[in-house]
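Structure first, commentary second.
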Amino acid sequence: MVRMSDVPNPTHPIVLPEKPALEGLEAKWNAVWEREGTFRFDASAPRERVFSVDTPPPTVSGSLHVGHVFSYTHTDVVARFQRMRGKAVFYPMGWDDNGLPTERRVQNYYGVRCEPSLPYDPAFVPPDKPGKQPVSVSRPNFIELCNRLTAEDEKAFEHLWRHLGLSVDWTRTYATIGRRAQRVSQAAFLRLLAKGTAYQLEAPTLWDVDFRTAVAQAELEDREQPGAYHRIRFARGGGAYVDIETTRPELIPACVALVAHPDDERYKPLFGTTVETPLFGVQVPVRAHVLADPEKGSGIAMICTFGDVTDVTWWRELALPVRAVIAANGTLRPIVWGSEGWASGDAARAQAAYDQLATLSAAKARARIVELLKEAGALIGEPRPITHPVKFYEKGDRPLEIVTSRQWFIKTMDFQADLISRGRELRWHPEYMQHRYENWVNGLTGDWCISRQRFFGVPFPVWYPVRADGSYDYANPIVPDESRLPIDPSTDVPDGYTAAQREVPGGFAGDPDVMDTWATSSLTPQIASGWLEDEDLFSRVFPMDVRPQAHDIIRTWLFDTVLRAQLEHGTLPWRNAAISGWVLDPDRKKMSKSKGNVVTPMALLEEHGSDGVRYWAASGRPGTDTAFDPAQMKVGRRLAMKLLNAARFSLMQAEPRGAITEPLDRGMLTRLSRLVADATEMLDAYDYARVLERTEAFFWGFCDDYLEMVKSRRYGDFGPEAAASANSAMLVALSAMLRLFAPYLPFVTEEVWSWWRPGSVHTAAWPTPEDVVAPIGGADAAAADVYGPAQEALALVRQRKALEKRPVKSVVTRAVLPAALSGLGPAARDVQAATHVRDLSFAAVAEAVIEFEEPASPAAR
RNA sequence: GGGCGCGUGGCUCAGCGGUAGAGCAUUCGCUUCACACGCGAGGGGUCGGUGGUUCGAUUCCACCCGCGCCCACCA
């Protein structure tokens, strides 16, 4: 019996297009889905029926590229699968418009520059075209421009995502600079502050001299840079000396000590003595520390405040003084020798030397000091050019400096053990990505610096009392009540104060900094889930089910999010982490804009169809970098086309229908039910690529072999009952296959579904193995064993025809096939009909024997 | 220096203890009444190298080579 659910509903008669086509399906179905609210989240669903996704908010200041299309498709496949399994899918979309990339884009786009000291100008209109000189604008004006440009970007992004077919609930979007994100970021921060988990500290901090902001350890990258070892002579008195090697001679005025390994016999006698810096005549101690490498350079190094992070370690552990020379803008700051502890044996000479360096950038100062050292005879030999890795801010253009400044930190070092165990609790897809996380957590060297000296970001919601002398009392910040959030301390006034008291003695001053963009995006689960705003929603979707993201930001976004959830809720933010790879260009390099190899996603979607592009994307296995391959998109498009045609064939003569009795039909369905079982299990494990591969292989076999074999029978050549069996089986199979393909090829499957079934395939129930074999009264293992041999028998006859270059329809008088195939039984009739074999038999032959009918000679006619 | 991943036909990739697979490309053939955005068939690989475990290894183990990514205190 065919179950009613697989019989076309009378109110939905089968309506087939004359010539099915893929063109225009995206627009057609997106409009319907939007109208019907197909992907709207059911906010009344209990937690156990919810599947929630912590969608990565794309950076709107950039443009979307194929890498986005790739990874977002993976997430969408999983979301659609879960929806079909009956889950209420919480699938929001965020926009990451917060932070430096947006600032930079706004500066270039409008030709402006933020000048926080300026007052707000409500009448400000940006220039039509950016001028040569940037226009200075106030911070509120600047933020307005950021908001304006990102709003436009977000529209373009949404259009592309819809065209791609992401089943996002578009009523649930957020922006990382939006009110909700600010409120969550500020509230979470204040709670950490109250617990003492957030703190501020004046300390040496990694500093980008162009952006003039602190940056975090996670935002560093190494770049190979040309440099040179300079051998520099320090005098020990009495004509003795010691030589050090350095790549940064311009920091000699910032030198506070020399250091060598405690076991280094060469320098043991110097420990505890002092030496004199060249040019500046400063007495600095020689100290011992195990980090000093006897093999490197001369085995003894100078410690400066601060040349690199090792200097910071030495400075801290050896309790050395600070003599900082690098200013926030990366130049050497003016210094008056003889004051502020800038002692020298010859202050006049030191001043004269230093004056030639002051206000120069580090690079220029380096060139200058080399000349001075040469003249003074302190440079030994010529500088030896080397290439060495130098730390950069990942978005920066010049090497990082280390500058002492007051910054906010979130404690991480105290929680390393908790973070490791949370990482083990999380289910990683693929599993090996967990190593990267543990690697990072174990390698942490300091707490997380979350303050940035920038403008377009979430402000720190604190003020400081201004003392009588005008200085700020940082130790006693004034905090707002959580109910007031979000606030901007540069415009809002703390309770108990008036606006007139801003920055006057006895009054208050706002914290000028904004939070690191990761300090906000580490809260995307809370922001998206309605934490503090909609506790009912929050309880239904948090902790979320999955965080999809790429592997390059495990150390930032993933780690930070785990940290924040641990600190605030004491839980994981989600149960699963689904890690995508990158899209590589054919040269095996990561595709990026700078390499000029990025293809516009919309052009791809238009050329290959969204389903075609999704097919390529979905074939990229979790975590695996995948080559950009338009050929695969063509294959995907062809698959979509094949679905249209195979469905049309199956549906074009859907009568008569009835009991599925024929072995081939029963075998095909039993095979299909096994596929459904495997597919479900694999999708549960996020192995979407394998499911697509398996489903596709089955489908092509269905088209090329099964449909060809039953064609004659379904046309009625063997009576109505045999035809009914074929017709019914085809419809059951089509229904299941459409649902298996639906997460991957949402447009073509919806189109075909609409020809004969009510509702959307995307809200139809995911097939179960039991569903598929229910119409044949359960799995038929014997029939399933016939399916493969039937395909083989078909192949043998086809092969012979091809080898003899006979037309497909040429008649074979007799075919003797290997006895191994003899189990075909009644199914042999279908093979016979499909291959035009009059007399089909099976015998113990090594090779198939196939005899053709000779064409009748003209004479005989 | 540490960690992780990868090395299978020209290309892109599956497979993973028992006689090598797919798609693309290539060659040959086919106006076959769902589809020429199609259909059928052929050729093409000592599964990076060397050892080991095993009756048997592309598949497990060890070492090595190559590629990629992540991390590292890079004076």
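Protein chains get the first letters and strands the later ones, always in sequence-line order, with residue 1 at the start of each. Not measured: the values here are computed from a predicted model.
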With [X] via side-chain contact (heavy atoms from CB on, under 4.5 Å) - residues at least two apart:
X: A/H551; value: A/M433, A/R436, A/I554, A/I579, A/W582, A/D625
X: A/A790; value: A/L664, A/M709, A/L824, A/V831
X: A/M633; value: A/L604, A/H608, A/V613, A/W616, A/F628
X: A/R674; value: A/T670, A/R671, A/A781, A/A784

Rounding to an integer number of angstrom, what distance separates [N] and [M] when you compare their [atom1] atoms?
N: B/rC28; M: B/rG49; atom1: C1'; value: 38 Å
N: B/rC70; M: B/rC39; atom1: P; value: 42 Å
N: B/rG45; M: B/rG21; atom1: C1'; value: 11 Å
N: B/rU19; M: B/rU58; atom1: P; value: 12 Å
N: B/rG66; M: B/rC37; atom1: P; value: 49 Å
N: B/rU12; M: B/rU8; atom1: C1'; value: 12 Å

Generate the contact string for nucleotides 27-36 of chain B. Rules: B means base contact, S means sugar-phosphate contact only, - means no protein heavy atom under 4.0 Å. -SS--BBBBS
Just to verify, what does A/F702 make a ring-ring contact (aromatic ring centres under 6.0 Å, His included) with, not counting sequence neighbours? A/Y706
Among residues at least two apart in sequence or on other chains, which ones pass ring-ring contact (aromatic ring centres under 6.0 Å, His included) with A/F699? A/F741
Backbone N or O of A/D243 within a donor-acceptor pair of the A/S298 side chain at under 3.5 Å? yes
Does A/R323 offer a backbone N or O that forms a donor-acceptor pair with the side chain of A/T305 under 3.5 Å? yes
side-chain contact (heavy atoms from CB on, under 4.5 Å) test vs A/K391 passes for just one of A/I402, A/D308, A/V309, namely A/V309
Identify, residue by residue, the members of residues 245-258 of chain A with a heavy atom below 4.0 Å from RNA chain B, and return them in order of residue number, or none. A/E245, A/T246, A/T247
What parts of residues 435-444 of chain A reach RNA chain B, counting only heavy atoms under 4.0 Å away? A/H435, A/R436, A/N439, A/W440
Which listed nucleotide (B/rA14, B/rC73, B/rA75) is nearest to the side chain of A/W314? B/rA75
From the set B/rC37, B/rA75, B/rG5, return the single nucleotide nearest to any side-chain atom of A/A292. B/rA75
Under the rule of Watson-Crick or G-U wobble with both distances under 3.5 Å, where | means paired to another strand and [ ] a crossing pair, RNA chain B maps to ((((((((.[[[[.)..(..]]]].(((((.......))))).....[[[[[..)....]]]]])))))))....
Across all chains, not counting sequence neighbours, the salt bridge (charged side-chain N to carboxylate O under 4.0 Å, His left out) partners of A/R547 are A/D54
A/E245: partners by salt bridge (charged side-chain N to carboxylate O under 4.0 Å, His left out), with sequence neighbours left out: A/R231, A/R384
Classify A/E431 by what it touches in the nucleic acid, base, sugar-phosphate, or nothing, heavy-atom distance under 4.0 Å. nothing
Does A/D311 reach a base, just sugar-phosphate, or nothing at all? Heavy atoms under 4.0 Å. nothing
